[in-house]
Q: 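I'd like to ask you about the structure that follows.
Positions are given from 1, in the same order as the sequence printed here.
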Amino acid sequence: QITASDRAKYNMILIGNKDNNEEIKRVYDIGTFIDKDAEGMVYLKDIYSKKDILILNAANVSDLNEPIKQLSYLLDMIL
């Protein structure tokens, strides 16, 4: 469970979709930040008091392998 305090303090990486991740659904509900059909990695800047959110989004959870691989690759590049 993500609290209002968490949203104000932390950047987030959310994995799933609006049907299986309550926080992704919340982001969809508060604005038009995300194309409703978008899949893969979605980066949202300055959400929740200037915090950023990276969403690994897929209609089917089994389709998350590719976005997770992409994220792993990016993390390897910066670490």
Side-chain angles (χ1 to χ4, degrees):
Q1 183 76 0
I2 297 172
T3 67
S5 175
D6 294 333
R7 290 182 196 103
K9 283 189 217 175
Y10 304 109
N11 294 310
M12 293 186 274
I13 297 173
L14 305 175
I15 301 172
N17 61 49
K18 64 182 179 172
D19 297 324
N20 63 24
N21 185 309
E22 196 173 303
E23 195 63 24
I24 292 173
K25 182 180 182 329
R26 186 177 195 285
V27 172
Y28 271 95
D29 291 346
I30 64 170
T32 57
F33 309 112
I34 304 172
D35 175 358
K36 300 294 184 196
D37 298 321
E39 291 194 10
M41 275 198 266
V42 179
Y43 181 75
L44 305 174
K45 190 171 176 147
D46 296 334
I47 309 294
Y48 302 147
S49 303
K50 305 291 183 195
K51 296 301 175 185
D52 298 343
I53 300 173
L54 176 64
I55 299 177
L56 303 181
N57 187 27
N60 186 340
V61 176
S62 64
D63 294 335
L64 286 169
N65 289 336
E66 188 57 33
I68 290 171
K69 284 180 190 176
Q70 292 172 5
L71 176 60
S72 294
Y73 174 76
L74 292 172
L75 290 172
D76 283 344
M77 287 177 45
I78 61 174
L79 296 177

Q: Atom CD1 in Ile55, atom OH in Tyr43: separation rounded to 0.5 Å?
A: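 Answer rounded to 0.5 Å: 12.0 Å.
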Q: Please check if the side chain of Asn17 supplies one atom and the backbone of Ala58 the other of a donor-acceptor pair under 3.5 Å.
A: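 Yes, Asn17 side chain to Ala58 backbone: donor-acceptor pair under 3.5 Å.
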Q: Nearest 0.5 angstrom please: Leu56 CG to Asn65 CG, how far?
A: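 It comes to 11.0 Å.
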Q: Of the non-hydrogen atoms in Arg7 and Lys51, which two are nearest, and what is the gap between them?
A: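 Heavy atoms of Arg7 and Lys51 come nearest at O-CG, 3.4 Å.
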Q: Taking C-beta and beyond as the side chain, do Val27 and Tyr48 meet within less than 4.5 Å on heavy atoms?
A: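 They are in side-chain contact.
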Q: What I'd like to find out is whether the side chain of Tyr28 reaches to under 4.5 Å of the side chain of Asn57, using heavy atoms alone.
A: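 With C-beta onward as the side chain, the pair touches.
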Q: Check whether any side-chain heavy atom of Ile2 sits under 4.5 Å from a side-chain heavy atom of Leu14, and report yes or no.
A: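 With C-beta onward as the side chain, the pair touches.
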Q: Can you tell me how far apart NZ (Lys25) and CG (Asp19) are? Round to the nearest 0.5 Å.
A: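 Output value for this atom pair is 9.0 Å.
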Q: Looking at every heavy atom in both Met41 and Leu74, which two are closest together, and how far apart are they?
A: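 Residues Met41 and Leu74, closest heavy atoms: CE-CD1, 3.8 Å.
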Q: Within this structure, what is the CD1-CD1 distance for the pair Ile13 and Ile68, rounded to the nearest 0.5 Å?
A: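 With rounding to 0.5 Å, CD1 (Ile13) is 10.5 Å from CD1 (Ile68).
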Q: Return yes when atom CD of Gln70 has more than 12 non-hydrogen atoms of other residues, nucleotides or ligands closer than 6.0 Å, and no otherwise.
A: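 Correct, the count exceeds 12.
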Q: Say whether, by atom type as modelled, one donor and one acceptor occur between the side chain of Asp29 and the main chain of Arg26 under 3.5 angstrom.
A: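 Answer holds: no.
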Q: Are more than 12 heavy atoms, taken from residues, nucleotides or ligands other than Tyr73, located less than 6.0 Å from that residue's OH atom?
A: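 Not more than 12 within 6.0 Å, no.
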Q: Closest heavy-atom contact between Pro67 and Leu64?
A: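 That closest heavy-atom pairing would be CD-O, 3.2 Å.
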Q: Indicate if Tyr10 and Ile47 have the same hydrophobic cluster label, given that clusters are the connected sets of ILVMFWY residues with side-chain heavy-atom separations under 4.5 angstrom.
A: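 No, no single cluster joins them.
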Q: Would the distance check show the side chain of Asp52 and the main-chain N or O of Asp46 forming a donor-acceptor pair, the cut-off being under 3.5 Å?
A: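 Yes, Asp52 side chain to Asp46 backbone: donor-acceptor pair under 3.5 Å.
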